[in-house]
Amino acid sequence: MKVSVWYNNEDIRIEEVPRPEPGPREILIKIVACGICGSDIVEWYRLPRAPLVQGHEIGAEVVKVGKSVTKYRPGDRVFVAPKVPCMKCDYCNSGHYPVCTNVKDRLPGGFAEYVVVPQYLVENGTYLLPDQISYDQSTFIEPLACVFRAQQLADVRRNQTVMVMGSGMSGLLHVKLAKTKHCRVIATDISRKKLDFAAKMGADITLDAAENVPQQLVAEKSGMADVVIVCTSAVEAVEQAWQCVDKGGVVVFFAVPHPDVNVSIPINYFWTRETRIITSYYCGPPDIDAAINLIETGKIKVDDMITRRLPLQDVAEGFRMVMAGKESLKVIIHPNA
Ligand SMILES: [Zn+2]
Ligand SMILES: [Zn+2]
């Protein structure tokens, strides 16, 4: 079978490997759709594990099950989480699933024709897709789950003002989710095209991030934001976040600047204004359940975010599109097309 092996963003190769066979408690899935995630192109984050087969936003069909597997059978449509926390340790018990120390198995990357799902993920990380969710739509389950968790942690509530800095894929999902809570949403980006997307997807106010953002808020007769969600690694956004968060508000780092960049925090200013800073990384099982429900019920529509569908041999092309960012939102790979 063919897999797409990522060495770095400029070196992505299609390689031939033997098609894996599932063990007694494993399943073999055929990847129908796999999204390219914004985090896939972040080299400092991915390079330590390279070369690797990327792709963690998977919609697949079960084609073969091990002899001890009773929960699934060939033909089932599934989403599989890339990794699953134990749900038993202290971290899991306090909701910090992403830092669970007992994560055993990782799902092999989905930019491949087939993947064997390890036993632990068969038992705890595989979800049957409801009929209402297409394979393409299922590629949004994982990113939406991450977005859902971040807004839970920030306690985004009805009628609040939410500012989303960076209107790429995850930023737009934040816009959509905040709109389901009837929030007033302000979206920023340096790309006019992305701001147009944000407006189309429900943002009430869109601001050019290259201009003075706090000043634009005043011009828009807008107050400051109860919640500011940083969805870009651009360091300029950090300073803007400090200036746009209201008293008693919270800044959420959903994305962070490069690790070499030092961020300084106006801690005294925050202290007197009771401003909180939180981070949100990845998601957990309850968030995946919530994301599936949001897509299944149509509360969050995702079809309008899909800009390209490409066959496996064009993964490199897909990465270039996501890196260029201008015209593309969600690029989905169809490895068996
Ligand atoms: Zn992702
Ligand atoms: Zn755990």
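When a ligand or atom number is given, it counts from 1 through the structure's own listing order. Computation of the quantities below employed the complete heavy-atom set of this structure, encompassing side-chain atoms and omitting hydrogens, waters and symmetry-equivalent molecules.
- The atom of E142 that is an N, O or S and sits closest to the Zn ion (ligand 1) is OE1.
- Taking the six-membered ring where the residue is Trp, Y127 and F79 present tilted rings, their angle falling between 30° and 60°.
- Geometry about the Zn ion (ligand 1) gives an angle of 100° between NE2 of H56 and SG of C37, rounded in steps of 10 degrees.
- Centred on the Zn ion (ligand 2), the SG atom of C86 and the SG atom of C89 lie at an angle of 110°, reported to 10°.
- Rounding to 10 degrees gives 110° for the angle at the Zn ion (ligand 2) between SG of C100 and SG of C92.
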Would S68 and R25 count as a side chain to side chain donor-acceptor pair (under 3.5 Å) here? Give the steps. CA-CA 5 Å; S68 305; R25 296 183 186 281; 4.5 Å; no
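- For the residue pair R184 and S222, a side-chain donor N or O sits within less than 3.5 Å of a side-chain acceptor on the partner.
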Go through N293 and K299 one step at a time and tell me if the side chain to side chain contact (heavy atoms under 4.5 Å, CB included) criterion holds. CA-CA 8 Å; N293 182 265; K299 284 192 189 119; 4.2 Å; yes
